[in-house]
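To keep things clear, I will list the structure first and then write my remarks on it.
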2 protein chains.
Amino acid sequence: MRRIKPITVGMVEIDLAEHRKRKLNRTQTMLNLLGKTIVSGGYEGVPFPTEEELSKTHGVSRSVTREAVKMLTAKGLVNARTRQGTTVQPPSHWNMFDADVLRWLLDREPSLELLRHFNQLRIAIEPEAAALAAIHHTDAQMLLIEAGLARMADAETGADDPLASDIAFHVSILHATRNPFYEQFEPMVATALRTSIRFTNAIKGHSASLCDHGAVAQAVADRDPAMAREAMRKIIGDVLELIDDGTA
Amino acid sequence: MRRIKPITVGMVEIDLAEHRKRKLNRTQTMLNLLGKTIVSGGYEGVPFPTEEELSKTHGVSRSVTREAVKMLTAKGLVNARTRQGTTVQPPSHWNMFDADVLRWLLDREPSLELLRHFNQLRIAIEPEAAALAAIHHTDAQMLLIEAGLARMADAETGADDPLASDIAFHVSILHATRNPFYEQFEPMVATALRTSIRFTNAIKGHSASLCDHGAVAQAVADRDPAMAREAMRKIIGDVLELIDDGTA
DNA sequence: GATTGCGAATTTGTCATATAATTCATTGAC
DNA sequence: GTCAATGAATTATATGACAAATTCGCAATC
């Protein structure tokens, strides 16, 4: 009966291409669609559709709709109650560290405000992460950190991707803390760095940046927490300064 | 045909009482059950059951099982693929800031190690949160902070619950940052505080603690970020010290 | 013997329909 | 006016069927 995939949309842009490329199934497509719509305020004022409405609108079965809504519930975006229907939760309930939610947020507004919020968090997390890494890192993790630094050096000469190497370095520090909570910030840090270059692509003061990153690595290697913290704070502080300048 | 709720379990303890009390539906019960089991390593070595097995074992329909698994997927605990089955993800993929995951973790091990990890994070987050609060708080938020402080004072005289007032104070600081990412730490901070008293119930140096908290509030009111940061760092630092002593 | 191709089996993914449970609104009795 | 009974709307659960994707074994070929 139904031969063509009836994946289509109401308000958000159609992501059929992305859908095909990533081989998303219908539940995942539905999840993305609803997530994006919620995050971009598509249901403010209007009540969230019932399961039946959603199913009809998007040409999928109720099972698909329900499972997508369940996932949204698990991420804190909505809350479903019998008879009352499904309601969108206020943003404070959203799981901001979820990779999907972050993606939807950026999709909505790669705004300076969001970038500032990211980096306000980074300046709390990463210096302390560097300090913890200085204390708790294993030899293998130290090698990874140095590898990240080497990649950044390569990026100087064009032999590697600057963004990827930057992410690799910061992520390696997070893991070296050996604290599972710090490791959770990987998607956020990666996202923040990716977003940064969109706004401040002029900041190719990479030579200075490379030097700063080297200082962090050295302090971690020396198992000097205070120094590591300071060095990392300088890196993030510089970024934050640039962003604040962008605003003012 | 089926008259009695067939909610029962295999390896984890039966939470029928909790189930009734919180009026959990079957999907939520299933979610809790699977979540606890996964977090406590119940599926290490053995493959995760298929949908049909789970449904049979727990006497629920495949819908319920599937929706529970979907929620676990959304929280990063498992990954389902056609024909390959559902696999448990490594802990680094788990969404550690999810309230459910936190609860399951504590249910497994209210361990000193976990408590230390919590507070290693708090010492990054909360001092910076206090600094941000000093800059960005609104009048209403300042009132909430002072209310929290007042409750702590009441707790001194037994007029209020010490734990609840402590949580209220710290949470009010988080919200005063006006940064949605900081607000996400509410469940973690609350959990950390709740867990603390189990271990360090001797720390009823509340008079000292009250004084320290007052210093934070004052610095925030004065819009003095550096002072707020320092005062908060002292509070968490003291806790961390106690925990580390407990280990050594 | 190694590789490629094909088909069967397995498991999640999707659909359709029916029924239960819960809650809100309305109506009616007192 | 208050309270209980009734009904309606919506999610929750059950059931059975089929689709899609991936693995695995087997066979054919080189």
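Values below: all heavy atoms of this structure, side chains included; hydrogens, waters and symmetry mates excluded. Numbered from 1 within each chain, the chains take letters A, B, ... in sequence-line order. Because the structure is predicted, anything quoted here is derived from the model rather than measured.
- Contact of the A:Thr86 side chain with the A:Thr50 side chain is not registered, since no non-hydrogen atoms from C-beta on lie closer than 4.5 Å.
- A:His213 and A:His170 have their aromatic ring centers within a separation under 6.0 angstrom.
- Counting heavy atoms from C-beta outward, A:Met30 and A:Thr65 have side chains that approach closer than 4.5 Å.
- Between A:Glu52 atom CD and D:dA12 atom C1' the separation is 15 Å, expressed in whole Å.
- For A:Thr50, no side-chain nitrogen or oxygen approaches OP1 or OP2 of D:dA9 to under 4.0 Å.
- As rounded to whole Å, 20 Å separates atom P of C:dA18 from atom CZ of B:Arg62.
- Expressed to the nearest 0.5 Å, how far OG1 of A:Thr191 lies from CD of A:Glu186 amounts to 10.0 Å.
- Not a single donor-acceptor pair under 3.5 Å links the side chain of B:Ser40 to the backbone N or O of B:Gly42.
- Relative ring orientation between A:Phe185 and B:Phe185 is described as tilted, the plane-to-plane angle lying within the 30° to 60° band.
- Between A:Thr82 and B:Gln84, the one whose closest nucleotide on DNA chain C sits nearer the 5' end is B:Gln84.
- Rounded to whole Å, the distance from CD on B:Glu51 to P on D:dA17 is 17 Å.
- When the C1' atom of C:dT14 is taken as reference, atom CZ of B:Arg66 falls 8 Å away, rounded to whole Å.
- A donor-acceptor contact under 3.5 Å links the side chain of B:Ser63 to the base of D:dA14.
- One atom, CD of B:Gln28, and another, P of D:dA12, lie 8 Å apart when rounded to the nearest Å.
- At the phosphate of C:dT11, neither OP1 nor OP2 sits under 4.0 Å from any side-chain N or O atom of B:Thr86.
- Counting only N and O atoms by type, the side chains of A:Gln89 and A:Asn79 include no donor and acceptor under 3.5 Å apart.
- At the phosphate of D:dT13, neither OP1 nor OP2 sits under 4.0 Å from any side-chain N or O atom of B:Ser61.
- The nearest whole Å value for the distance from the CG atom in B:Asn25 to the C1' atom in C:dT23 is 14 Å.
- For C:dA21, the base has no donor-acceptor partner in the side chain of B:Arg26 [N/O atoms by modelled type, under 3.5 angstrom].
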I'd like a table of atom pairs between the protein and nucleotides 6-10 of chain C - only N or O on both sides, under 3.5 Å - with the distance next to each one.
{"unit_1": "C:dA9", "atom_1": "N3", "unit_2": "B:Arg83", "atom_2": "NH1", "d": "3.3"}
{"unit_1": "C:dT10", "atom_1": "O4'", "unit_2": "B:Arg83", "atom_2": "NH1", "d": "3.0"}

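- Atom CG in A:Leu72 sits about 15 Å away from atom C1' in D:dT11, given to the nearest Å.
- Counting to the nearest Å, the C1' atom of C:dT12 and the CG atom of B:Leu54 are 13 Å from each other.
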